[in-house]
Number of protein chains: 2
Amino acid sequence: MQKQQTLSRNQKIIFDLIDKSQEPMKAYSILFNVQKKGIKAPLQVYRALDKLVEIGKIHKIESRNAFIACQNSSCQISKATAFSICESCENVSEISNTKLSKYLSNFAESSGMKYSKYNLEFFGLCKKCKSK
Amino acid sequence: MQKQQTLSRNQKIIFDLIDKSQEPMKAYSILFNVQKKGIKAPLQVYRALDKLVEIGKIHKIESRNAFIACQNSSCQISKATAFSICESCENVSEISNTKLSKYLSNFAESSGMKYSKYNLEFFGLCKKCKSK
DNA sequence: TAACACTATGTAATAATATAACATTTACAT
DNA sequence: ATGTAAATGTTATATTATTACATAGTGTTA
Ligand SMILES: [Zn+2]
Ligand SMILES: [Zn+2]
Ligand SMILES: [Zn+2]
Ligand SMILES: [Zn+2]
């Protein structure tokens, strides 16, 4: 068990919003949604996002510039992330597969670099969209 | 052998620049470098980049918003890309490993989605930087 | 408790990345 | 020559992210 991180006020507001969202959220959409709570500037959002990513509570979907809450309770730090992204409905789900992550970290370890993390994004049509 | 794509004027100018570069190039840096050749607007650059990505001549490094020429002659289309990225010197190299790509496309095929492509980015220290 | 270090916050301005909208031109197949 | 798709040119604007600087809270230790 990792040490439990206490979130600051802004971090908590922003995490709660992302966590409740059914879809990845973009920074300026987050900003718009938290303005009533007193968070008025982009930087306040980006700072909270940076911290939340750092401690693994959220992940950035790089290809979409968007953020989702970690869907994998054991993923306390964002050092090995994998996602399926639907190119039609833009649904994103986090993949949590031990074999896959073992395979990839082994691959990285044997590659000659001093490996610190990876990010993998699969694209295609989700189950719903492919049956349409 | 795939059909050989003929590049248009702007596409060729921009591809040549990226291909000669020793490092990933960002869109506005590309723009700056091709202004003397008559390409004056961001959109001209982005349109060429889009096309070059589509036909697999270059790849976008999503975590860096930068572009590199494909280093894998057999990679005629950007449907399965993998990179090592050095967090110190920002060197990026394309990984071309048949086992890895087989493993990942099999994984995707068996995941329930209608898989179309993936992108994988490893982060860490490259050989040079780790020995410093 | 005072001093210190560290983290977080507030605010304004601006940088960097990317697209929309519209007009025109080129390539090339019928 | 006509139609059509791809590419280009141009202006304006949208979106994403950071710099710089000032202030406030939190916890540790002298
Ligand atoms: Zn996670
Ligand atoms: Zn879908
Ligand atoms: Zn390639
Ligand atoms: Zn390096």
Side-chain angles (χ1 to χ4, degrees), chain A residues 3-18 21 23-68 77-78 87 90 92 119 121, chain B residues 3-18 21 23-68 77-78 87 90 92 119 121:
Chain A
K3 82 166 174 189
Q4 200 60 21
Q5 195 78 32
T6 0
L7 300 184
S8 73
R9 182 176 152 276
N10 288 1
Q11 288 159 16
K12 183 157 186 0
I13 291 170
I14 287 171
F15 175 73
D16 287 346
L17 178 67
I18 296 171
S21 170
E23 56 199 9
M25 292 198 75
K26 304 196 142 219
Y28 277 72
S29 155
I30 293 168
L31 175 58
F32 178 82
N33 277 277
V34 296
Q35 275 176 332
K36 53 199 164 218
K37 305 224 173 181
I39 296 176
K40 290 173 197 153
L43 190 50
Q44 294 174 288
V45 173
Y46 281 104
R47 283 197 284 224
L49 289 173
D50 285 350
K51 188 69 186 184
L52 291 167
V53 166
E54 186 192 323
I55 64 179
K57 299 281 287 179
I58 65 172
H59 304 303
K60 182 172 187 181
I61 310 302
E62 292 288 354
S63 64
R64 298 298 185 262
N65 299 316
F67 300 84
I68 63 169
I77 194 162
S78 307
E87 291 174 306
E90 292 296 327
V92 173
N119 178 55
E121 299 181 3
Chain B
K3 80 165 176 190
Q4 200 58 23
Q5 194 78 31
T6 0
L7 301 184
S8 74
R9 182 177 152 275
N10 288 1
Q11 288 160 17
K12 183 158 187 356
I13 290 170
I14 287 171
F15 175 72
D16 287 346
L17 178 67
I18 296 172
S21 170
E23 56 198 10
M25 292 197 75
K26 304 195 142 221
Y28 277 72
S29 155
I30 293 168
L31 175 59
F32 178 81
N33 277 277
V34 297
Q35 275 176 330
K36 52 199 165 217
K37 304 223 175 182
I39 296 176
K40 292 173 194 153
L43 192 49
Q44 295 175 287
V45 172
Y46 280 104
R47 284 196 285 224
L49 290 173
D50 285 350
K51 188 69 185 185
L52 291 167
V53 166
E54 186 191 323
I55 64 180
K57 300 281 287 178
I58 65 172
H59 304 302
K60 181 173 187 180
I61 310 301
E62 292 288 355
S63 64
R64 299 296 186 262
N65 298 316
F67 300 84
I68 64 169
I77 196 162
S78 307
E87 290 174 308
E90 293 294 327
V92 173
N119 178 56
E121 299 181 3

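Just so it is clear, the values below take in all heavy atoms, side chains as well, and ignore hydrogens, waters and symmetry mates. The structure presented is a predicted model; accordingly, all values stated were derived computationally and were not measured.
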Query - Gap between atoms NZ and C1', on A:Lys51 and C:dA8 respectively (whole Å) - result: 9 Å
**Report entry** B:Tyr46 side chain, from C-beta outward: closest of D:dT11, D:dA7, C:dT17
**Finding:** C:dT17
Requested in this report: Map B:Asn65 and B:Arg9 onto DNA chain D by nearest heavy atom, then report which one ends up closer to the 5' terminus.
Outcome: B:Arg9
Query raised in the report: Given D:dT16, is OP1 or OP2 found less than 4.0 Å from the side-chain N or O atoms of A:Lys26?
Result: yes
Requested in this report: Taking all heavy atoms of A:Phe67 and all of A:Ile58, pick out the closest pair and write down the distance.
Outcome: CD2-CD1, 3.9 Å
Report summary line: To the nearest angstrom, the NZ-C1' distance between A:Lys37 and C:dT9 comes to 17 Å
Query raised in the report: For the side chain of B:Arg47 and the base of D:dG9, is some donor closer than 3.5 Å to an acceptor across the two?
Result: yes
Report summary line: Side-chain atoms of A:Pro42 come closest, of D:dA17, D:dA7, C:dA8, to D:dA17
Query raised in the report: Considering only heavy atoms from C-beta outward, does the side chain of B:Ile30 approach that of B:Ile39 to under 4.5 Å?
Result: no
Requested in this report: Could you tell me whether the phosphate oxygens of D:dG9, OP1 or OP2, come under 4.0 Å of any side-chain nitrogen or oxygen in B:Gln44?
Outcome: yes
Query raised in the report: Taking the side chain of A:Leu43 as its heavy atoms from C-beta onward, which of D:dT10, C:dT9, C:dA12 lies nearest to it?
Result: C:dA12
Requested in this report: Ignoring backbone atoms, establish whether A:Ser8 has a side-chain N or O less than 4.0 Å from OP1 or OP2 of C:dT9.
Outcome: yes
Query raised in the report: D:dA17, C:dT11, D:dG9: which one has an atom nearest the side-chain heavy atoms of A:Lys60?
Result: D:dA17
Report task. Return the value, rounded to whole Å, for the distance between atom CG of A:Leu7 and atom P of D:dT26. Result -> 15 Å
Query - Nucleotide D:dA14, atom C1' - distance to CG of A:Leu31 in whole Å - result: 15 Å
**Report entry** Among B:Arg47, B:Gln44, B:Lys37, the one residue meeting side-chain contact (heavy atoms from CB on, under 4.5 Å) with B:Asn10
**Finding:** B:Gln44
Query raised in the report: Considering only heavy atoms and no angle criterion, is a donor-acceptor pair shorter than 3.5 Å present between the side chain of A:Tyr28 and the base of D:dA14?
Result: no
Requested in this report: Rounded to the nearest angstrom, tell me the gap between atom CD1 in B:Ile13 and atom C1' in D:dT8.
Outcome: 12 Å
Report summary line: In short, A:Ser63 meets A:Glu121 closest at the heavy-atom pair OG-OE1, 2.7 Å
Report summary line: A:Lys12 NZ to C:dA8 C1', in whole Å, measures 17 Å
Requested in this report: Whole angstrom is fine here: how far is it from CG in A:Leu52 over to C1' in C:dA8?
Outcome: 13 Å
Report task. Rounded to the nearest angstrom, tell me the gap between atom CG in A:Asp50 and atom P in C:dA8. Result -> 11 Å
Query raised in the report: Where is the tightest heavy-atom contact between A:Ala27 and A:Leu49, given as atom of each residue plus distance?
Result: CB-CD1, 4.1 Å
Query raised in the report: Picking from C:dT11, C:dG10, D:dT10, which would you name as closest to the side chain of A:Lys40?
Result: C:dT11
